[in-house]
Amino acid sequence: MSRTMLIAGNWKMNGLAVDGVALAEAVAAGSSATLCDLLVCPPATLISAVGNAMSGSRVALGAQDCHPEESGAHTGDISAEMLVDLGCDFVIVGHSERRADHGESDEAVYAKAQAAHRAGLIAVICVGETEAERDGGQAEAVVACQIGGSLPENAKAANTVIAYEPVWAIGSGRTPTVEDVQAMHAHMRATVSASHGTYFADQVRLLYGGSVKPGNASELMGLTDVDGALVGGASLVAGDFLAIAGHCS
């Protein structure tokens, strides 16, 4: 099944206005040479400026989180509808840093994914095991449980992306072997096939994240069940981010 590759940049809590706009402009300028879909998810303070800087380019705009409710007394939070109003097409939900730092459960991620779909956004649902869970032989069970608890029943491949990020590899410079990555992605596809059907499983894009960089991108992007990458640190350097995208076919 042919799936268009997606390279998504998660800037995390990085960037002030001047450097954020400069980075967005550089990514946009190089985007025409890539064959895959591109996505940039800046911090909330930069969404509007980055969107303006990338206007007219092939790069989609996303956010790093959303609140489950459309509006209300939720100081400091941003709803999915507000993100759409800013020009976003995607939103990341359930990133391991949100799960760890903010205690987000699968139920909370599920609610945020539903909110994203309600507003017309594509939800990038993140899953992944800790080092202790992998060492304990629980990696596949943990990821299957997170998918089962975080993926809405009515999710469609058109409005959902699932990103596998082994927690122990994020920002560490370490990556699983390519055999481990392929095995987990195949397991993920089988998991969503069992819950959402073969058509969904064949169509939904599964991304790999966790210290993806130009030097390992070719090998990772060439795997059968890997449909792109959720890139952290390397997305803060336009040349590195575009180089990773250049390894997509």
- Check whether any side-chain N or O of Arg99 sits under 3.5 Å from a backbone N or O of Cys126 as a donor-acceptor pair, and report yes or no. yes
- Measure the shortest side-chain to side-chain distance between Lys112 and Cys66 over non-hydrogen atoms and say whether it is less than 4.5 angstrom. yes
- Message: Distance check, rounded to the nearest 0.5 Å: Glu25 atom CD versus Ser57 atom OG?
- Response: 10.5 Å
- Item | Counterpart residues, side chain to side chain donor-acceptor pair (under 3.5 Å), relative to Trp11 (two or more places apart) | none
- Task: Kindly write out the residues that satisfy side chain to side chain donor-acceptor pair (under 3.5 Å) with Arg205, not counting sequence neighbours, or none if the list is empty.
- Result: Asp37
- Task: Using a 4.5 Å cut-off on heavy atoms from C-beta on, say whether the side chain of Ile170 contacts that of Glu97.
- Result: yes
- Message: Quick check: do Cys88 and Leu121 have side-chain heavy atoms less than 4.5 Å from each other?
- Response: yes
- Query: Is it true that a side-chain atom of His196 and a backbone atom of Pro152 form a donor plus acceptor pair closer than 3.5 Å?
  - Reply: yes
- His95 and Glu165: side chain donor to acceptor below 3.5 Å: yes
- Message: I'd like to know if the side chain of Tyr110 pairs up with that of Glu153 as donor and acceptor (distance under 3.5 Å, no hydrogens or angles considered).
- Response: yes
- Would you say Glu219 has more than 12 foreign heavy atoms packed within less than 6.0 Å of its CD? no
- Query: Can you find a heavy atom in the side chain of Leu23 that is under 4.5 Å from one in the side chain of Asp19?
  - Reply: no
- Aromatic ring pairing His185/Tyr208, orientation class (parallel under 30°, perpendicular over 60°, tilted between): tilted
- Message: Within the 4.5 Å heavy-atom criterion, are Gln114 and Pro68 side-chain neighbours or not?
- Response: no
- Taking side chain as C-beta onward, heavy atoms only, is Ser235 less than 4.5 Å from Val40? no
- Inter-residue atom distance Ile92.CD1 - Cys41.SG, 0.5 Å rounding: 4.0 Å
- Task: Check whether any side-chain heavy atom of Cys248 sits under 4.5 Å from a side-chain heavy atom of Leu35, and report yes or no.
- Result: no
Enumerate, atom names and distances included, each donor-acceptor pair closer than 3.5 Å involving a side-chain atom of residues 220-234, sequence neighbours excluded.
{"unit_1": "Asp225", "atom_1": "OD1", "unit_2": "Arg189", "atom_2": "NE", "d": "2.7"}
{"unit_1": "Asp225", "atom_1": "OD2", "unit_2": "Gln182", "atom_2": "NE2", "d": "2.7"}
{"unit_1": "Asp227", "atom_1": "OD1", "unit_2": "Arg3", "atom_2": "NE", "d": "2.9"}
{"unit_1": "Asp227", "atom_1": "OD1", "unit_2": "Arg3", "atom_2": "NH2", "d": "3.3"}
{"unit_1": "Asp227", "atom_1": "OD2", "unit_2": "Arg3", "atom_2": "NE", "d": "3.0"}
{"unit_1": "Asp227", "atom_1": "OD2", "unit_2": "Arg189", "atom_2": "NH2", "d": "2.8"}
{"unit_1": "Asp227", "atom_1": "OD2", "unit_2": "Leu206", "atom_2": "N", "d": "2.9"}

- Query: Quick one: does Pro42's side chain get under 4.5 Å of Leu61's, heavy atoms only?
  - Reply: yes
